[in-house]
Student: 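One structure, as structure tokens, below. Some questions next.
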Amino acid sequence: MDKLIIKGGKKLTGEVSVSGSKNAALPIFISTILAPGLNEIRNVPFLRDINTTIKVLESLGAVVEGNGNIVRIDTTHVNNVEATYDLVKTMRASVLVLGPLLARHGRARVSLPGGCAIGARPINLHLKGLAALGADIRLEHGYVEAKAKRLKGARINFDIATVGGTEQLMMAAALAKGETVLENAAREPEIIDLADILNRMGAKIEGAGTDTIRITGVKELAPVTHDVMPDRIEAGTFMVAAAITGGDIKIRNMKLEHLDALVFKLQDAGVEITNRDNVVRVKGPRRPRAINIKTRPYPGFPTDMQAQFMALMCVADGASVISENIFENRFMHVSELLRFGADITIEGNTATVKGVKKLSGAPVMATDLRASASLILAGLAADNTTEISRIYHLDRGYDSIEKKLAGLGADIKRVKES
Ligand code: EPZ
């Protein structure tokens, strides 16, 4: 397995370009099941989760060419309706094939994803929504067995503004008979990107990006070409990298408007952020101010930026309170941050971070995707050397992050773990 070696203390400078969004690309890849034929998806990041999604699509009968930048997905012969446990357990987003298979073939057998490091992450709202569209849903031997002659439009109100649930039901309803209304729908930009490709395929979806989405079912969808939106969490991670090192960087190919909540909090912490001709400049302060955050569904502060922001608060001037309101176990980076000399205490879903003047480099271990990013950020700011093991977590969601950070002047390299 690989590990990262970081010699901290360098102020980041220069320019970096953001890759396509993992959390947009995964549902977009899966949506091609609804449009038999050759779909071309562009601006695709090179990630482990993209490779896993390709394996899932191929196991269903798709023919896929490429695994990054431009990926061609021919779903003409998607005739297998079973997504097996060995694939779904490596990437829970695979459960999103349920709705499209049901809509296209009238049946699907998909493994339940099981929990993950950051929480139980049930899919009860996905299943409740599909049942509301008329699907017969059974749980047997760890699999969801779903059947429906033809899905029928319905009014669905989500107890929680679930991103995956919204995506699942938007895709299933696209071919249902009649109108579906999703209330308390998730409003993330990735939902808008998915609705864009579905509408270009011939779907009739209105309101994506708001909490009420209307889908008028159509008979069939046709294959298209689509450019994936930029990865707002990768962009946010680079913004925090500039902030924590007191650096001054420019970020290309990002949409600043996708990160309002993060931008306001970084500016409160003393970070200068300007946007000129679609190039975002981020200038870190000598020392960040301590700021409180609460993670919320979009447009609130993104849970996927909580670990990275916590790393910044570890060196802030003062104490900050960070509450995680989306997932029940998303503080696993705390015990590793403590190894850098951070001062953090946890009470339920709230962490209190007392900023220290300097972190000291240490050997640490990645536990999940965004925790890995948080450890890199701490390593960039710490003195001496930091070694981060188990970075396969990182490779799920960041495309060559060590190369991009090295391009900004960081002393970071990937080595084989002996
Ligand atoms: C998506 O996960 C993202 N993943 C996550 O990013 C992100 O953290 C999350 O949305 C929230 O923004 C992808 O898009 C591939 P949810 P998802 O359904 O869809 C509960 C990353 O780091 N819930 O919005 O699984 C659930 O347990 C990843 O890139 C139910 O109870 O998130 C959680 O507490 C991590 N029942 C909350 O809702 C359900 O049926 C939000 O989950 C569905 C969800």
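Start at 1 with the first residue, then count along the sequence.
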Student: Could you tell me whether the side chain of V95 reaches within less than 4.5 Å of the side chain of I123, counting heavy atoms only?
Tutor: yes

Student: Between D159 and K128, is there a salt bridge with N-O shorter than 4.0 Å?
Tutor: yes

Student: If you round to the nearest 0.5 Å, how far is CG of L377 from OG1 of T386?
Tutor: 11.5 Å

Student: Can you confirm whether the side chains of N23 and S21 place a donor and an acceptor under 3.5 Å from each other?
Tutor: no

Student: Is the shortest distance from a Lys or Arg side-chain nitrogen in K3 or E387 to a carboxylate oxygen in the other one below 4.0 Å?
Tutor: yes

Student: Could you tell me whether R42 and D227 make a salt bridge, using a distance below 4.0 angstrom between a side-chain N and a carboxylate O?
Tutor: yes

Student: Please determine whether side-chain contact (heavy atoms from CB on, under 4.5 Å) holds for the pair Y398 and L369, giving the CA-CA distance in whole Å, both sets of side-chain angles, and the decisive distance to 0.1 Å.
Tutor: CA-CA 8 Å; Y398 286 97; L369 170 56; 3.7 Å; yes

Student: Does any part of the side chain of T162, heavy atoms only, come nearer than 4.5 Å to the side chain of H126, both counted from C-beta?
Tutor: yes

Student: Step by step, work out the salt bridge (charged side-chain N to carboxylate O under 4.0 Å, His left out) result for D49 and R92.
Tutor: CA-CA 10 Å; D49 277 6; R92 41 180 312 96; over 6 Å; no

Student: For E234 and K22: C-alpha separation, side-chain torsions, deciding distance, then whether salt bridge (charged side-chain N to carboxylate O under 4.0 Å, His left out) applies.
Tutor: CA-CA 9 Å; E234 183 192 19; K22 165 179 89 79; over 6 Å; no

Student: Quick one: does any side-chain atom of R281 pair with a main-chain N or O of D248 as donor and acceptor, under 3.5 Å?
Tutor: no

Student: Any ion pair linking R72 and D74 (charged N to carboxylate O, less than 4.0 Å)?
Tutor: no

Student: Where do R414 and D2 land on the salt bridge (charged side-chain N to carboxylate O under 4.0 Å, His left out) test, with the steps shown first?
Tutor: CA-CA 7 Å; R414 179 187 284 253; D2 296 353; 3.0 Å; yes

Student: Counting C-beta onward and ignoring hydrogens, is there a side-chain heavy-atom pair between P223 and M201 closer than 4.5 Å?
Tutor: no

Student: Taking the six-membered ring of Y298 as reference, does the cationic atom of R187 (NZ for Lys, CZ for Arg) lie under 6.0 Å from its centre and within 45° of its axis?
Tutor: no

Student: Would you indicate whether the side-chain heavy atoms of L96 and P27 approach each other to under 4.5 Å?
Tutor: yes

Student: Keeping the roles fixed (side chain from K358, backbone from A382), state whether a donor-acceptor pair exists under 3.5 Å.
Tutor: no

Student: Between E145 and K147, does any side-chain N to carboxylate O distance fall below 4.0 Å?
Tutor: no

Student: Would you indicate whether the side-chain heavy atoms of V63 and H77 approach each other to under 4.5 Å?
Tutor: no

Student: Taking 4.0 angstrom as the limit, do R330 and E324 come out as a salt bridge?
Tutor: no

Student: Does the pair R232/E190 count as a salt bridge with the N-to-O cut at 4.0 Å?
Tutor: yes

Student: Drop me the distance from T32's OG1 to H226's NE2, to the nearest 0.5 angstrom.
Tutor: 12.0 Å

Student: Report the distance from atom CD of E402 to atom CD1 of I5, rounding to the nearest 0.5 Å.
Tutor: 12.0 Å

Student: Is the backbone N or O of A24 less than 3.5 Å from a side-chain atom of D193, with the two atoms forming a donor-acceptor pair by type?
Tutor: no

Student: Measure the spacing between CD1 of I50 and CD1 of I41 and express it to the nearest 0.5 Å.
Tutor: 10.0 Å

Student: With the side chain counted from C-beta on, respond yes when H333 and Q306 share a heavy-atom pair under 4.5 Å apart, and no when they do not.
Tutor: yes

Student: Of all the heavy-atom pairs spanning G134 and A148, show the shortest one and how long it is.
Tutor: O-CB, 4.2 Å

Student: When you check the gap from the basic side-chain N to the acidic O, do D260 and K265 get nearer than 4.0 Å?
Tutor: no

Student: Taking the six-membered ring for Trp, are F309 and F301 closer than 6.0 Å centroid to centroid?
Tutor: yes

